[in-house]
Amino acid sequence: MALGNLLIDRWRQVRTPSFVKMLCAHLFTRIIPTLCCSVLYGSSFDSVVTKLQATAIESENPPMEPEDEEWENRGGHRLSWTRYHRHKDEQVSFTSLIVSDIDSYLDYLAYTYTDICQTEIIGKSSQGRDLKLLKVSTGGKGKPAIWIDGGIHAREWISPATVTYILLHLVEFRDQHSELLDSVDWYILPLANPDGYEYSHSTDRLWRKTRSRVGGSRRGSGCYGVDPNRNWDFHWAPGSPSDSCREDFSGPRAFSEPETRAMSEFILSRQGEIKVYLTVHSYSQMWLVPWGYKEEKPRDYYEMYTLAEKGVEALEAIRGTDYLLGTAAELLYTAPGGSDDWAKGVAGIKYSYSIELPDTGDYGFVLPANQIEPVGQETWAAVKAIATHFADGHN
Ligand code: 0X9
Ligand code: ZN
């Protein structure tokens, strides 16, 4: 199912009568694959998909290096930027434990750099996982703040990896850019959709949504999950219960998801302080400026574009990666209920952007882990350029 979903994912945005879409979706996701599997492999479609998925993940994400294991024993952390990591310690059965990585890196930073780092659990996911944020600040009042979130979409593994890479440089190499810490506060949430992220590791590599049970009726119909980037309360468009199986199901109501609600409440509690909202997605190498819900541009688009341009120029200077810069509606498609539009339209954050990380489609969401470092380096360069603008006293 997941492979078929990927094929029709972008195409779904095209305006086509819904019965044609349904027919084609069924053709791509079920009929053609079922026929091919029984003819070519003599096995069922689902078992072929499971095997293909395991092989794809293994080549995308090689096993843990012995050095990483050692770190844990020395009381440090296991996060490396050479492979994709899980969210948090989880006892999956009596004997087997999936060991902590992303979440415990934040704890590690907080207890190692006590003077500047502080963790905060801003809420819980629908399956009860912590939404853990790291505040990085050298103290003092009235500084502009930058918010960065990653992992809103479960399958975009490069996003949380890049956000933790940014944390690594921001905090652990703080001496190289002390002015960015002295004059700017940072709120960083590397994994905004931990349930979906874990599910994309354990079960369906191409899962996009949350894992709430909102779409189902009492009789058990409907599907799991809501698209957390269609669920924000700004020009939110209702989806009908029959849409609950869609990848972009917007939910039964705006902020139905505890994840989006917790983020929005935290951001509103820092209204006026947060000057930049950055949400990190993949893929397509684009720096997206609101609006995404409609084709018109905001009145202050020119200023938003000019600051984004500084980020993109710094990014491209690292290794020449090409990024497109423009509104989400003009470069991708119009889609309501996105976090970037909400951050600007409701929270009043002037500089709100979605960054779509590499690549442009060769690997798509399944970007090999050896790309974490180069993508991290160039994205960190972009973030530094944005922060420098505020460190230089602009507003
Ligand atoms: O469709 C999305 O949510 C984003 N692209 S992705 O491939 N990562 O799913 C783009 C969001 C752009 N912003 C808005 N439409 N508001
Ligand atoms: Zn995304």
Side-chain angles (χ1 to χ4, degrees), residues 1-6 9 29 46 49-50 53 57 61 84-93 96-98 100-103 121-133 149-161 163 189-232 236 238-265 279-282 337-339 365-366:
M1 195 66 166
L3 294 177
N5 281 348
L6 178 63
D9 182 42
T29 57
D46 288 338
V49 167
T50 310
Q53 183 163 274
I57 292 182
N61 200 28
Y84 295 108
H85 289 257
R86 305 296 285 262
H87 163 243
K88 178 177 191 326
D89 283 2
E90 263 176 71
Q91 195 78 47
V92 287
S93 72
S96 105
L97 181 77
I98 293 175
S100 73
D101 292 326
I102 297 179
D103 241 23
I121 295 167
I122 63 166
K124 298 255 185 208
S125 68
S126 53
Q127 294 180 332
R129 294 186 173 89
D130 291 342
L131 300 171
K132 193 174 280 192
L133 167 140
D149 64 63
I152 280 196
H153 285 140
R155 64 191 172 196
E156 299 166 9
W157 288 4
I158 188 65
S159 160
V163 175
L189 177 71
L191 201 50
N193 173 14
D195 297 350
Y197 184 74
E198 277 302 303
Y199 191 72
S200 73
H201 275 265
S202 68
T203 312
D204 180 348
R205 174 64 191 86
L206 294 179
W207 188 255
R208 167 179 167 99
K209 301 189 281 182
T210 61
R211 289 294 298 161
S212 58
R213 193 69 180 96
V214 291
S217 74
R218 267 195 225 118
R219 273 175 288 132
S221 62
C223 286
Y224 281 91
V226 165
D227 183 340
N229 213 26
R230 300 289 179 275
N231 190 240
W232 294 67
W236 175 79
S240 67
S242 61
D243 287 341
S244 71
C245 299
R246 287 176 58 116
E247 298 259 85
D248 60 352
F249 177 47
S250 60
R253 60 191 172 279
F255 289 142
S256 58
E257 303 310 282
E259 296 86 351
T260 53
R261 210 177 323 127
M263 288 163 77
S264 67
E265 280 165 9
T279 180
V280 181
H281 289 251
S282 76
S339 70
F365 302 116
V366 192

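For reference, positions follow the sequence shown, starting with 1.
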Enquirer: For the residue pair Leu191 and Leu131, what are the closest heavy atoms and their distance?
Expert: O-CD2, 4.2 Å
Enquirer: Would you name the heavy atoms of Pro160 and Pro190 that are closest together and state the gap between them?
Expert: CB-O, 3.4 Å
Enquirer: Using a 4.5 Å cut-off on heavy atoms from C-beta on, say whether the side chain of Asn231 contacts that of Phe249.
Expert: no
Enquirer: Give the minimum heavy-atom separation between Pro258 and Ser126, together with the two atoms involved.
Expert: CG-N, 3.5 Å
Enquirer: Taking Val280's backbone N and O only, do any of them form a donor-acceptor pair with Ser159's side chain (distance below 3.5 Å, no angle check)?
Expert: yes
Enquirer: Any side-chain donor paired with an acceptor under 3.5 Å for Trp232 and Ser264?
Expert: no
Enquirer: Less than 4.0 Å between a side-chain N and a carboxylate O, is that true for Glu198 and Arg86?
Expert: yes
Enquirer: For Asn229 versus Ser339, what's the shortest heavy-atom pair and its separation?
Expert: OD1-N, 3.0 Å
Enquirer: What pair of heavy atoms forms the shortest contact from Thr210 to Pro228, and how long is it?
Expert: CG2-CG, 3.9 Å
Enquirer: Hey, does Trp207 have a side-chain heavy atom less than 4.5 Å from the side chain of Tyr197?
Expert: no
Enquirer: Taking atom CG of Leu133 and atom CG of Asp149, what is their separation to the nearest 0.5 Å?
Expert: 10.0 Å
Enquirer: Strictly distance-based, threshold 3.5 Å: is any side-chain N or O of Arg205 a donor or acceptor partner for the main-chain N or O of Phe365?
Expert: yes
Enquirer: Indicate yes or no for a side-chain donor-acceptor contact from Arg230 to the backbone of Ser250 under 3.5 Å, with no hydrogens or angles considered.
Expert: no
Enquirer: When you measure from the side chain of Asp130 to the backbone of Ser125, do you find a donor-acceptor pair of N or O atoms at a distance under 3.5 Å?
Expert: no
Enquirer: Would you name the heavy atoms of Ile121 and Lys132 that are closest together and state the gap between them?
Expert: CG1-CE, 4.2 Å
Enquirer: Apply the test side-chain contact (heavy atoms from CB on, under 4.5 Å) to residues Leu206 and Val366: give CA-CA distance (whole Å), side-chain angles for both, the deciding distance (0.1 Å), then the verdict.
Expert: CA-CA 8 Å; Leu206 294 179; Val366 192; 4.2 Å; yes
Enquirer: For the side chain of Lys209 and the backbone of Tyr224, is there at least one donor-acceptor N/O pair under 3.5 Å apart?
Expert: yes
Enquirer: Do any N or O atoms from the side chain of Arg208 and from the backbone of Arg155 form a donor-acceptor pair under 3.5 angstrom?
Expert: no
Enquirer: Partners of His281 by side chain to side chain donor-acceptor pair (under 3.5 Å), sequence neighbours excluded?
Expert: His153, Glu156, Thr279
Enquirer: Among all residues two or more places apart in sequence or in another chain, which pass the side chain to side chain donor-acceptor pair (under 3.5 Å) test with Gln127?
Expert: Arg129
Enquirer: Here's a test for you: under side chain to side chain contact (heavy atoms under 4.5 Å, CB included), which of Asp195, Asp227, Val226, Asn193 qualifies with Glu257?
Expert: Val226
